[in-house]
Amino acid sequence: MPNMILPTPWKTYIKFDNTEYYFFYFDEFGITIYPTDGSVCATIEWKQIKDFKVSHISILGKMTIKTTENTYKFQLNRMVIGCHWIKENTKYLENNNYFYKK
């Protein structure tokens, strides 16, 4: 069930009640995705990644990871009230090219 609709000039974002949250860990081996609900994490190795893009508009962002077998898309919050570390981490990732250089 949608709980928020945000129209923008480019597209309309719809937020659903069953939103899932993840932590992302970047290192020299790849990207590890940790669901916050405690379920099993997944690691995508850099050699599997064919395309990696992060874009942002204002406070929203989008991360797309394409491998030979799948495409993963995530919406990113660039800042959250009361969580200054999200803004700091996002700025760090942007300044370091998201740790990925082909």
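Rounding to the nearest 0.5 Å places CZ of Phe24 at 3.5 Å from CE of Met63.
By the 4.5 Å heavy-atom criterion applied to side chains, Ile65 and Thr71 are not counted as neighbours. Side-chain contact check for Tyr72 versus Ile44: some heavy-atom pair is nearer than 4.5 Å.
Here the closest non-hydrogen pair linking Trp46 and Glu28 is CD1-O, 3.2 Å. Contact between Cys41 and Pro35 at its shortest, heavy atoms only, is CA-CD, 4.0 Å.
Partners of Thr68 according to the side chain to side chain contact (heavy atoms under 4.5 Å, CB included) rule, which considers only residues two or more places apart in sequence or in another chain, are Lys50. In this structure, the side chain to side chain contact (heavy atoms under 4.5 Å, CB included) partners of Thr43, at least two apart in sequence or on a different chain, are Thr32. When the ring pair (Phe, Tyr, Trp, His ring centres under 6.0 Å) test is applied to Tyr22, the partners found at least two apart in sequence or on another chain are Phe74. Applying the side chain to side chain contact (heavy atoms under 4.5 Å, CB included) test to Lys47 and every residue at least two apart in sequence or in another chain returns Glu45. With sequence neighbours excluded, the residues that form a side chain to side chain contact (heavy atoms under 4.5 Å, CB included) with Lys53 are Asp51. Listed by chain and residue number, nothing satisfies the side chain to side chain donor-acceptor pair (under 3.5 Å) test with Tyr25 (two or more places apart in sequence, or in another chain).
Cluster annotation: Ile49 is not connected to Phe29 through the hydrophobic network of ILVMFWY side chains, with a link wherever side-chain heavy atoms come within less than 4.5 Å.
Here salt bridge (Lys or Arg N to Asp or Glu O under 4.0 Å) pairs that include residues 30-40, with residues two or more places apart or in two chains, number zero.
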Starting from the C-alpha separation in whole Å, work towards a yes-or-no answer on side chain to side chain contact (heavy atoms under 4.5 Å, CB included) for Phe52 and Thr64.
CA-CA 6 Å; Phe52 180 74; Thr64 304; over 6 Å; no
